[in-house]
Asker: 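Once you've had a glance at the structure underneath, I'll fire off some questions.
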Amino acid sequence: MTIAARTVRSAAFRRQRWLLTAVLGIYFVYTFIPLLYVIVSSTKTNADLFGTFGLWFAGDFNLWENLRGLFTYQDGAFARWLLNSFLYAAISGLGAALLATCAGYAFAKFQFRGKKLFFALVLGAVMIPQTALSVPLFLMLSQIGLVNTPIAIILPSMVFPPGVFLMCVYIEDAVSNELIEAGRVDGAGELHIFGKIAFRLLMPGFATVLILAFVSTWNNYFLPLVMLSSSEYFPITVGLSQWYASATSGSGGTVLFTIVMAGALVSVLPVIAAFLFMQRWWQGGLASGGVKA
């Protein structure tokens, strides 16, 4: 390759790199603006919230007062909703990740009658929006008396078809058939092979499904809205929406606007903390757990 051709190729590569960087920058700004608005709005008074520029801070920093009002309004209902959201998301996330890992392992490493049909049903379930299933779930759970209980949120959230698909694809490459056969030759049972050998190799995928299921349950609004009628069981999504509805209707007063914005800011923090905590499982090599075994 001549020097001129190399120069032209290098210039084209630099233009392509700058173009990709610009696209990523635009996407970052587009996704960060709503979060910036929440952060800025939670620091304002009611007068500043409607009388100043929405994407910049006002002269009066009112964050601590808004947080105090957030956790004291209606006898501290927000703290109870925050705990409910965490319990729903944590239990459902762990259950969904464990079930998805077991199902993905079965689809990837076992041969059984009807395997293709069941896997096709899983793929079909991925395409169905969760809101379309809320009313049938309500009718089914109402027949067994589980409506308006935490179980009505936790059990449906444990069924996470995207996690099954992701784990099936991941296990195909992460766990070799030779490793499983070696365990069988040594006399290990299938549960022992899965729990002591394979599962250690699957921690990065398990962590990925866990955080996806956690965030999905944390952000779920329509299912709790349909299933729950008592405010003591509300998650943050339903509780804040009711406060916002009260503010817009005038029954709650304009003070609720800044409280709702502060609540939206607080609701983001556990998701960020969960992501940072689970990030440790993505940093190691895929086979590090198997070496330790």
Side-chain angles (χ1 to χ4, degrees), residues 27 30-31 34 85-142 144 146-147 150-177 194 198-199 201-228 235-238 267-268 270-272 274-275 278-279 281-282 286:
Y27 180 76
Y30 175 76
T31 55
S85 290
F86 179 79
L87 291 177
Y88 297 158
I91 298 174
S92 300
L94 287 171
L98 183 59
L99 291 176
T101 303
C102 294
Y105 182 80
F107 280 123
K109 298 303 178 181
F110 290 99
Q111 298 296 328
F112 52 89
R113 183 176 300 178
K115 174 181 175 179
K116 293 184 178 180
L117 174 62
F118 287 123
F119 192 69
L121 292 176
V122 171
L123 293 179
V126 174
M127 308 300 175
I128 300 176
Q130 294 299 313
T131 53
L133 301 176
S134 296
V135 174
L137 283 172
F138 174 82
L139 296 176
M140 181 178 65
L141 293 178
S142 63
I144 54 179
L146 293 180
V147 173
I151 300 178
I153 307 301
I154 294 173
L155 281 182
S157 300
M158 285 186 178
V159 181
F160 193 57
V164 178
F165 173 73
L166 290 175
M167 289 305 299
C168 181
V169 175
Y170 180 75
I171 291 171
E172 285 282 0
D173 295 328
V175 181
S176 64
N177 294 328
F194 173 73
F199 190 76
L201 301 174
L202 302 178
M203 285 308 299
F206 180 85
T208 302
V209 176
L210 173 58
I211 193 63
L212 291 176
F214 181 93
V215 174
S216 176
T217 306
W218 185 274
N219 293 332
N220 200 338
Y221 168 75
F222 193 69
L223 180 64
L225 181 66
V226 172
M227 294 293 182
L228 303 176
I236 290 178
T237 51
V238 177
S267 67
V268 175
V271 177
I272 297 176
F275 177 82
M278 298 304 298
Q279 192 178 17
W281 300 108
W282 295 315
L286 295 180

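Heavy-atom basis, side chains included; hydrogens, waters and symmetry copies ignored.
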Asker: Mind checking what makes side chain to side chain contact (heavy atoms under 4.5 Å, CB included) contact with Ile272, not counting sequence neighbours?
Answerer: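 Side chain to side chain contact (heavy atoms under 4.5 Å, CB included) list for Ile272, sorted by chain: Val268, Leu276.
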
Asker: Using 0.5 Å steps for rounding, measure from the OG1 atom of Thr101 to the CG atom of Leu210.
Answerer: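 It is 9.0 Å, given to the nearest 0.5 Å.
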
Asker: How close do Val209 and Ala100 get, counting heavy atoms only, and between which atoms?
Answerer: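 Taking every non-hydrogen atom into account, CG1-CB, 4.1 Å.
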
Asker: What pairs meet the side-chain hydrogen bond (donor to acceptor under 3.5 Å, both in side chains) rule with one or both residues in residues 112-123, with sequence neighbours excluded?
Answerer: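 For residues 112-123: none.
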
Asker: Suppose we screen for side chain to side chain donor-acceptor pair (under 3.5 Å). Which residues come up paired with Asp173, at least two apart in sequence or across chains?
Answerer: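 Not a single residue meets the side chain to side chain donor-acceptor pair (under 3.5 Å) criterion with Asp173.
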
Asker: Give a yes or no on whether Tyr27 atom OH has more than 12 heavy-atom contacts from other residues, nucleotides or ligands under 6.0 Å away.
Answerer: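 No - once you tally the heavy atoms of other residues, nucleotides and ligands closer than 6.0 Å, there are 12 at most.
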
Asker: Can you name the residues that form a ring-ring contact (aromatic ring centres under 6.0 Å, His included) with Phe206, not counting sequence neighbours?
Answerer: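 Phe206: ring-ring contact (aromatic ring centres under 6.0 Å, His included) contacts with Phe199.
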
Asker: Counting only pairs under 3.5 Å, give me each side-chain donor-acceptor contact of residues 213-228, with atom names and distances, residues two or more places apart or in other chains.
Answerer:
residue, atom, partner, partner atom, Å
Thr217, OG1, Ala213, O, 3.0
Trp218, NE1, Ser267, O, 3.1
Asn219, ND2, Val215, O, 3.3
Asn220, OD1, Leu223, N, 3.4

Asker: Kindly list each side-chain donor-acceptor pair under 3.5 angstrom involving residues 118-138, sequence neighbours excluded, with atom names and distances?
Answerer:
residue, atom, partner, partner atom, Å
Ser134, OG, Gln130, O, 3.4

Asker: Looking at CG of Leu99 and CZ of Phe160, how far apart are the two atoms once the value is rounded to the nearest 0.5 Å?
Answerer: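 Between Leu99 CG and Phe160 CZ, I get 12.0 Å after rounding to 0.5 Å.
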
Asker: Taking the side chain as every heavy atom from C-beta outward, state whether Met158 and Leu98 have any atom pair closer than 4.5 Å.
Answerer: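 No, their side chains stay 4.5 Å or more apart.
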
Asker: Identify, with sequence neighbours excluded, every residue that meets ring-ring contact (aromatic ring centres under 6.0 Å, His included) alongside Tyr88.
Answerer: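 If we apply the ring-ring contact (aromatic ring centres under 6.0 Å, His included) test to Tyr88, skipping adjacent residues, there are no hits.
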
Asker: Minimum heavy-atom separation for Ser157 to Ala96, with atom names?
Answerer: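 Heavy atoms only, the tightest pair is O-CB, 3.9 Å.
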
Asker: Can you list, pair by pair, the side-chain donor-acceptor contacts under 3.5 Å of residues 102-111, counting residues two or more places apart and other chains?
Answerer:
residue, atom, partner, partner atom, Å
Lys109, NZ, Val175, O, 2.6
Lys109, NZ, Asn177, OD1, 3.1

Asker: List the residues meeting ring-ring contact (aromatic ring centres under 6.0 Å, His included) with Tyr30, not counting sequence neighbours, and say none if there are none.
Answerer: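 Once residues adjacent in sequence are excluded, Tyr30 has no partner under the ring-ring contact (aromatic ring centres under 6.0 Å, His included) criterion.
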
Asker: Report the residues that fulfil side chain to side chain contact (heavy atoms under 4.5 Å, CB included) with Ile151, sequence neighbours left out, ordered by chain and then residue number.
Answerer: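 Partners of Ile151 by the side chain to side chain contact (heavy atoms under 4.5 Å, CB included) criterion, ordered by chain and then number, come out as Leu146, Thr149, Leu155.
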
Asker: What pairs with Val169 under side chain to side chain contact (heavy atoms under 4.5 Å, CB included), at least two apart in sequence or on another chain?
Answerer: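 Val169 satisfies side chain to side chain contact (heavy atoms under 4.5 Å, CB included) with Phe165 only.
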
